[in-house]
Amino acid sequence: LYAAVLKYAHRYAIESHPPDGGLPAGASADERLAAFVQSFLRRLTDKGRRAWHGLLMIREITEPTGALDELVEQSIRPQYELLCGIVRDLLGPDTDIKQIRLCASSIVGQCMHFQIAREVLRRLNPDLVHDPAAIETIARHIVEFSLAGIRCRRQPKGGGR
């Protein structure tokens with residue numbers, strides 16, 4: 001039953017905040033990264049009735065049960081592969097998969113930090129709230145910060161890393 005609730009919560013969150021942000025086909029990798037990050041943050045920090053999704057997912061990730069393996073394979077991995085594809089487009093097609101995964105994991109980690117450490121961050125920075133405008137600001141920061149790091153690692157034309 002718990003596994004079914006996790007799958008439902010994740011599916012509901014994805015439907016509420018699609019990872020592509022509704023971008024048209026052909027959007028740039030920068031735009032797709034921004035849509036992905038904003039969508040991910042919204043799923044994690046939703047308020048009201050939908051808030052339980054982010055809380056449940058954080059709980060399962062930090063204190064995993066037997067349901068995590070199936071959740072990862074059926075629900076989380078497709079989102080992660082989407083992010084890895086965006087990162088590959090940013091880094092270059094010949095980039096080593098390990099580098100792509102490290103960059104993707106860094107992006108995910110930044111997003112999760114703002115939810116997992118929310119109460120610590122609120123105490124350190126009382127102006128930091130999780131309203132829609134703040135989520136947009138946080139998303140923009142994560143994207144700009146990540147793009148700067150990715151640019152430092154970008155493959156030169158015709159060369160591998």
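With rounding to the nearest 0.5 angstrom, the CG atom of Leu41 is 9.0 Å from the CD atom of Gln115. Atoms SG and CG, on Cys152 and Leu91 in that order, are 11.0 Å from each other to the nearest 0.5 Å. Atom CZ of Arg88 sits about 11.5 Å away from atom SG of Cys103, to the nearest 0.5 Å.
At distances below 3.5 Å, at least one donor-acceptor pair connects side-chain atoms of Glu31 with backbone N or O atoms of Ser28. The main-chain N or O of Gly21 is never found under 3.5 Å from a side-chain atom of Ser39 such that the two would form a donor-acceptor pair. Judged by distance alone, the side chain of Arg43 and the main-chain N or O of His17 form a donor-acceptor pair under 3.5 Å.
Counting non-hydrogen atoms of other residues, nucleotides and ligands closer than 6.0 Å to CZ of Arg59 gives a total of 12 or fewer.
Ring geometry for Phe40 versus Phe36: interplanar angle of 30 to 60°, hence tilted.
Residues Leu121 and Phe114 form a side-chain contact, since some pair of their non-hydrogen atoms from C-beta on lies under 4.5 Å apart. In this structure the side chain of Arg32 never reaches within 4.5 angstrom of the side chain of Leu82, judged on heavy atoms. A 4.5 Å side-chain heavy-atom check between Arg118 and Thr45 finds every atom pair outside the cut-off. Residues Leu6 and Glu70 are not in side-chain contact: their nearest non-hydrogen atoms beyond the backbone lie 4.5 Å or more apart. Contact annotation: the side chain of Gln74 never approaches that of His10 to less than 4.5 Å [non-hydrogen atoms, C-beta and beyond]. When side chains are defined from C-beta on, Arg151 counts as touching Arg154, because their heavy atoms get closer than 4.5 Å. Counting only heavy atoms from C-beta outward, the side chains of Ile135 and Leu44 never approach each other to under 4.5 Å.
Arg42 meets the salt bridge (Lys or Arg N to Asp or Glu O under 4.0 Å) test with no other residue; sequence neighbours excluded.
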Inset, instruction - Show the numbers, then the answer: is there a side chain to side chain contact (heavy atoms under 4.5 Å, CB included) between Asp96 and Leu102? - result: CA-CA 10 Å; Asp96 180 69; Leu102 283 171; over 6 Å; no
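The minimum heavy-atom distance linking Cys111 with Val37 is given by the pair SG-CG1, 3.8 Å.
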Identify each donor-acceptor pair in which a side-chain atom of residues 142-149 lies under 3.5 Å from a protein atom, sequence neighbours left out, and give them as a table.
from	atom 1	to	atom 2	distance (Å)
Ser146	OG	Gln110	NE2	2.9
Ser146	OG	Ile142	O	2.7

